[in-house]
Each structure stands twice: as C-alpha cells, then as structure tokens.
Amino acid sequence: MLRAVGIVALIVPLLVLAACAQTAVKTVASPSPVIPEGNWTESLTFSGEVAGQMTGIVPNTDVQQSECTGSRTHNGETWSDSFYGTVDASGQNWGLVFLIGNFRGQGTYVDGDVAVQVHSADNTKVWQNLGGDKVTFTVDRGQQSGTIEASLTDAGTGKAGVEKVTGRWNCRG
C-alpha cells in the first residue's frame, strides 16, 4: 500500500509539470557577470605622484579583477578589498588593495593592522604602507564600506610618505 502511495506521489507532480510545460518560457544563458563602472561608489582623494579623485571602479577584465570579501569575513580571518578605478579624467587605471590579516569586525585598524597598496595597472609603480607610514582604516558595520587615511612609501625607491590616500571606500562581497 505504501509503495503505491509513493508511486502516485511521484507521478502526480510529473503530470503537473508536463501540463505546465506547454507555457514554459525559453531561457537564455546569461553571460559571465561584469561589474559595471560605478557599481562600487568610491570617494577617494590621491595626492603625490597620483593626484586627483577616484569616484568608482572600472569593469573587470582578464587581468584586473575587483573583489571584496566584505560581509563574508569572520573574526580572525583575512578581510580584503581589491579594486581598480581611474583617477579624474586621466584614463589610467589604478589598483588599490586593502588587507586586514586578523579581522576583528567593524572598527578602526591602524598602521600595522592593515596593509594598503596603490599600484599602476601594470604594477610598474607601487606605493604601500611600511614601518613608519601612518594609516587609519575604518570598516563600517556591514563590512563593505568605511574610510581611509594613509601615507604610503614608494616601493621602488623606499621614500616614505610620498603618496597619500584619503576618503571613503565601498565594496560588495
């Protein structure tokens, strides 16, 4: 008896699906996701060799991927945000990387608690926070936005404090 009930329970949904198939909508495979420019709103000011404003990111390419661990990161894990955008109308893409090795949730991270890097798209120019560079980096409650104030060292020459980044960052992750 239970076997017959089980068979009926399998057949009835199949009949309903077959009846509905006459009005089924054809689906088209969607392309790979592309992050459109402006999807991550930025309000960052650069001063030094790179000077100007960054207000958003540029779409991903094969070699330039914007990514953020964002709200998926738990205490003790690594939190990261990496993105590319243009500064003013220069048309040149610049990459930014923010990395917190021992994430403790929302709050302020300073100096050695956070790694900050600004680099050209081809990595020929790189600035990062080293020993004496002052950094204040905040992560808001949703872990997808905050502020930055960083003084960075030229990785090629070792000259400290030559690049500065300040403002508000945003990401999706």
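Under the 4.5 Å side-chain criterion, counting only non-hydrogen atoms from C-beta, Thr136 is in contact with Thr108. Side-chain contact between Arg104 and Asp113: present, with at least one pair of heavy atoms (C-beta onward) separated by less than 4.5 Å. Proximity of Thr138 to Tyr109: side-chain heavy atoms (C-beta onward) are nowhere separated by under 4.5 Å. For the pair Glu163 and Asp154, the minimum side-chain heavy-atom distance is 4.5 Å or more. Within the 4.5 Å cutoff, side-chain heavy atoms of Leu96 are placed close to those of Leu44. Side-chain contact between Trp127 and Val165: absent, with no pair of heavy atoms (C-beta onward) separated by less than 4.5 Å.
Side-chain contact of Asp140 with Ser145: a donor-acceptor pair under 3.5 Å is present, judged by distance alone. Between the side chains of Thr55 and Glu42, not a single donor N or O lies within less than 3.5 Å of an accepting N or O.
Under a 3.5 Å cut-off, the side chain of Asp88 and the backbone N or O of Ser90 do not form any donor-acceptor pair. With hydrogens and angles disregarded, a donor-acceptor distance shorter than 3.5 Å links the side chain of Thr69 to the backbone of Ser80. In this structure a side-chain-to-backbone donor-acceptor pair under 3.5 Å is missing from Gln64 to Thr61.
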For Phe103 and Val139, run side chain to side chain contact (heavy atoms under 4.5 Å, CB included): C-alpha distance rounded to whole Å, both residues' side-chain angles, the deciding distance at 0.1 Å, then the answer. CA-CA 10 Å; Phe103 187 68; Val139 177; 4.2 Å; yes
Take Lys134 and Asp111 through the side chain to side chain contact (heavy atoms under 4.5 Å, CB included) test and state the conclusion after the steps. CA-CA 6 Å; Lys134 184 78 176 144; Asp111 306 330; 3.8 Å; yes
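In this structure, Glu149 CD and Phe137 CZ are separated by 13.0 Å, a value rounded to the nearest 0.5 Å. With values rounded to the nearest 0.5 angstrom, Glu67 atom CD is found 6.5 Å from Ser82 atom OG. How far OH of Tyr84 is from NE2 of His119: 4.0 Å, rounded to the nearest 0.5 Å. The structure places CZ of Arg172 at 7.0 Å from OG1 of Thr41, a figure rounded to the nearest 0.5 Å.
Criterion: ILVMFWY side-chain heavy atoms under 4.5 Å apart, direct or through other members. Under it, Val162 and Met54 are part of a common hydrophobic cluster.
Of all the heavy atoms in Gly161 and Ser151, the pair that sits closest is CA-OG, 3.2 Å.
Using cut-offs of 30° and 60° on the angle between ring planes, the pair Phe83 and Phe98 is perpendicular.
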